[in-house]
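First the structure, in the form of structure tokens, and then the observations on it.
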Amino acid sequence: MISVEEAITRMLAEVKVLEAARVPLSETAGMILSEDIVAQENIPPFDNSAMDGFALQSKDSRQRDGQPTRLRVTGGVAAGYVAEREVEEGTAMRIMTGAPVPHGADSVIQIELTRNAGPDSDWVEILQEVAVGNNIRSAGDDMQRGQTVMTRGTEIGPWEIGILATLGVAAVPVIRQARIAILGTGDEIVDIDQPLQPGKIRNSNSYLLEAAVRNAGAKAHRLGVARDTAESLREKFAETASYDLILTSGGVSVGDFDLVKDIMAEQGQVDFWRINMRPGKPVAFGHIGGVPLLGLPGNPVSSAVTFQLFGRPILRKLQGHSRLFKPQIGVELADGFAEKVMRRHYVRARVEWKDDRFVARTTGNQGSHVMTSLLHANALVIVPEGGVEIRPGDRVKAMMLDWPEGEEME
Ligand code: AMP
Ligand code: MG
């Protein structure tokens, strides 16, 4: 039996970052850049107005004899167009936000600081002096041609997507999405739209795992449920060769019909299959036909929790992330935890910020068949190995499932 830390370290050592691909920009949220992004143009591409107003020569804005200067308006320029003439001394042009500054003009005065006879007026009075460059957004202010704007390894979110769009990167170089095969096992498992016959239960694991895989940014493919026979398992594993990871649930314990490890050994390798934790001691890792296989326990809560601890970091590594682990913080456990468990215990809990500190409360019956203990849980309280009793008010560590991943395991 190995520790959680040793298990995760050994698993991560076996999986390699996937290849790069070009992916349409709008599909890249959550993905990792595989190359630096270098601006091919200045952004903004041209000097443009930051305001609706008038483009002019700043020296014409100076008052004469205490009177505002009056300039002749020679035309206008809207966003998306280029002025047809230059701005000469003694003249101004109407200009809208985002429009290119006409040649000859060196400043823009906002409309509120001018007076004229209306939108078609051929004159304008300048009510305030403006400096050279006033209200002009210069070409290259934001990004300059040749500048490295983002480095490889960056996680793409909405802000990065906005910048990539600005730069015209329609197909983005990223680490490709992982493709995950999800396989249920067990003669008792029926699909969710089937009536329950005596002795049967519904396949919750495959659906829970499918959602959790998608949540980690990967593509999930449910391959159905293998019966508890070597033939049925072999048949299902014959379909898994093209995937980046196989996720199974059930069939990895020590029962007569727990055959997943046998088929792994027959068609690949079992690296290890017991981890010193609860829920979920039986977690097998190895490969089948060269495809890494993470064999999760059958009990729904165990399968959910072990996916969080092992499956999710593996998927993140495959997809190029450097931040693999949920952050752990110190919390006060309001209700304590009396049950003595010799293995490392991950207790489902709700952590909230209350009176200037993080307070955790367990979510009830922690049996690994009690799926409702997952509801409202946003954290796993970590009770160390060795049967430690936690009294109400004690400080413990909690892994924050609803916080983004950080660099370190602890
Ligand atoms: P096993 O490890 O195969 O002995 O499964 C442990 C427990 O998890 C048993 O009670 C199974 O019925 C249950 N189980 C296994 N697979 C699933 C599944 N896909 N959905 C829900 N429960 C399952
Ligand atoms: Mg089973």
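Treat the numbers as computed from the prediction; the structure is a model and nothing was measured. In each ligand, atom 1 is the first atom listed, and ligand 1 is the first ligand listed. Positions are given from 1 along the sequence.
Among all non-hydrogen protein atoms, the one lying nearest atom 22 (N) of ligand 1 is Ile201 CD1, 3.5 Å. Scanning all protein heavy atoms for the shortest distance to atom 2 (O) of ligand 1 gives Gly251 N, 3.4 Å. Scanning the protein heavy atoms around atom 18 (C) of ligand 1, the nearest turns out to be Asn205 ND2, 3.2 Å. Annotation: atom 9 (C) of ligand 1 to nearest protein heavy atom, Glu188 OE2, 4.0 Å. Ranking protein heavy atoms by distance to atom 7 (C) of ligand 1, first place goes to Asn299 OD1, 3.4 Å. Among all non-hydrogen protein atoms, the one lying nearest atom 13 (C) of ligand 1 is Gly298 O, 3.6 Å. Of the protein's non-hydrogen atoms, Asp258 OD1, 3.9 Å is the one closest to atom 4 (O) of ligand 1.
Checked for salt-bridge contact, Arg10 and Glu14 miss the test: no charged N lies under 4.0 Å from a carboxylate O. Taking the charged nitrogens against the carboxylate oxygens, Asp244 and Arg176 do have a contact shorter than 4.0 Å, which makes a salt bridge. Salt bridge status for Arg344 with Glu5: present, with a side-chain N to carboxylate O gap under 4.0 Å. We find that Arg323 and Glu405 are not joined by a salt bridge, their nearest charged nitrogen and carboxylate oxygen being 4.0 Å or further apart.
Annotation: the span from Phe285 atom CZ to Lys261 atom NZ amounts to 16.0 Å, rounded to 0.5 Å.
Within ligand 1, the atoms closer than 4.0 Å to a non-hydrogen atom of Ser204 are 20 (N), 21 (C), numbered from 1 in the order shown. Residue Arg202 has at least one heavy-atom neighbour below 4.0 Å for each of these atoms of ligand 1: 20 (N), 21 (C). Less than 4.0 angstrom separates some heavy atom of Thr185 from each of these atoms of ligand 1: 16 (N).
Between the choices Leu259, Leu183, Asn203, the shortest heavy-atom distance to atom 19 (N) of ligand 1 belongs to Asn203.
The environment of Glu35 atom CD is dense: over 12 non-hydrogen atoms of other residues, nucleotides or ligands sit within 6.0 angstrom.
For the 3.5 Å distance criterion, the side chains of Asn48 and Arg137 qualify, holding a donor opposite an acceptor. Side chain to side chain, Ser373 and Arg348 meet the donor-acceptor criterion of an N or O pair below 3.5 Å. Side chain to side chain, Asp52 and Thr97 meet the donor-acceptor criterion of an N or O pair below 3.5 Å.
In this structure, Gly250 has a heavy atom closer than 4.0 Å to ligand 1. Using a 4.0 Å heavy-atom cutoff, His369 is absent from the residues neighbouring ligand 1.
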